[in-house]
Amino acid sequence: MKSISLGQSGLACSRIAYGCWRLAGTWNAAEVAPAAEAVGRRAVLAAFDAGYTLFDNADIYCGGGAEKILGQALKEAPGMRGGIVIASKCGIRPSGAPLPDSPCRYDFSGDYIVSSCEQSLRRLGVETIDLYQLHRPDYLMDPAEIASAFQRLKGAGKVREFGVSNFRPSQVTALQKACPMRLIVNQIEISLANLNCFEDGTLDQCLGEKITPMAWSPLAGGQLGDGAKKLLPSQEGYRVKPLLVAMDLLAKNHGVSRTVLALAWLMKHPSGIVPIIGSTNAARIREAARAAELDLSREDWYRLLEAARGEPLP
Ligand code: NAP
């Protein structure tokens with residue numbers, strides 16, 4: 001697969017990334033059975049074989065199970081670690097811990113960031129995470145405290161590069177001002193079913209500051225592919241039927257699948273959007289990789305934008 005550099009760092013990876021959120025098919029660590037782990041490992045290895053070299057993970061995916069599965073796959077394929085970028089995230093604390101009545105919350109306090117990273121390293125079975133991201137903006141975040149935690153992690157060789165996820169441009173600016181190192185990615189939801197970042201300044205900032213946008217749910221959780229199994233509550237209201245009609249027509253003209261078209265549409269943007277696909281099906285993982293070869297014309301890109309908006313541009 002073609003490759004791309006992340007932000008202004010020396011890290012490079014495949015043009016499309018592989019996302020580990022759904023690897024064990026559950027949020028609950030207690031439900032991650034050996035059979036589910038085996039399915040997850042097979043998906044990771046299929047992605048590596050298909051040329052994906054960025055694996056996006058998080059401490060909360062499958063209650064830590066997704067990092068464990070990626071770690072198991074690395075053991076199964078000894079040459080893999082050196083050939084991939086491992087990305088993970090921290091900062092979301094699920095409800096019910098440490099106290100039964102603790103609410104779901106975000107936590108960017110320095111000690112929490114450092115200890116989360118150390119636990120991720122243990123689950124992954126590696127010494128360094130290549131790209132460590134803050135998952136969702138903590139309402140109580142203190143940029144100076146985060147910067148100091150980042151320096152502790154970088155100084156100890158535990159993290160190479162840092163990024164954020166779901167940050168508004170003003171939050172990226174506030175954190176970057178406090179950080180001596182460059183923030184290299186902002187991971188946000190971007191797809192033909194969710195165009196927010198084209199209009200809220202996020203992609204403008206990525207262009208201006210050379211931050212790589214990574215697109216989560218690039219197929220809107222499957223709604224732009226062959227249908228969704230499990231959606232985030234925020235994605236349940238997407239109305240994609242008319243869009244799918246336009247996509248099918250254009251996909252037929254190009255002789256590709258709707259998935260390839262949806263991903264190629266994202267990659268046309270000059271900010272260098274890196275879609276993160278989340279399928280655990282080997283054939284679909286391979287199919288999505290084909291999108292790196294399709295260069296859409298401006299006309300086709302705007303045709304799809306119009307269909308996604310549901311009305312012509314002014
Ligand atoms: P997605 O690629 O939009 O959706 C994947 C889902 O679509 C899977 O359940 C898959 O099922 C289904 N699907 C249906 N038809 C498909 C087709 N033709 N090709 C591929 N998949 C098809 O992405 P996502 O899983 O929602 O998210 C991708 C990654 O983004 C996650 O793994 C995670 O790394 C990241 N993420 C980040 C955040 C954040 O806040 N930073 C939030 C959500 C996700 P099958 O497995 O059966 O193929």
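Both ligands and their constituent atoms are indexed starting at 1 by order of listing.
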Asks: Indicate whether any N or O donor in one side chain lies under 3.5 Å from an N or O acceptor in the other, for Glu67 and Ser88.
Replies: yes
Asks: The criterion is ring pair (Phe, Tyr, Trp, His ring centres under 6.0 Å); which residues satisfy it with Tyr52, sequence neighbours excluded?
Replies: none
Asks: Is it true that Lys89 and Tyr61 share a donor-acceptor pair across their side chains at a distance under 3.5 Å?
Replies: yes
Asks: Considering residues at least two apart in sequence or located in another chain, which fulfil the side chain to side chain contact (heavy atoms under 4.5 Å, CB included) criterion with Glu37?
Replies: Val32, Arg41, Lys68, Ile69, Gln72
Asks: Using 30° and 60° as the class boundaries, would you call the ring planes of Phe48 and Phe55 parallel, tilted or perpendicular?
Replies: tilted
Asks: Who are the residue neighbours of ligand 1 when the rule is a heavy atom under 4.0 Å from any of its atoms?
Replies: Gly19, Cys20, Trp21, Arg22, Asp56, Tyr61, Lys89, His135, Arg136, Ser165, Asn166, Gln187, Trp216, Ser217, Pro218, Leu219, Ala220, Gly221, Gly222, Gly225, Asp226, Gly227, Lys229, Thr259, Ile276, Ile277, Gly278, Ser279, Thr280, Asn281, Arg284
Asks: Among residues at least two apart in sequence or on other chains, which ones pass salt bridge (charged side-chain N to carboxylate O under 4.0 Å, His left out) with Lys268?
Replies: Asp295
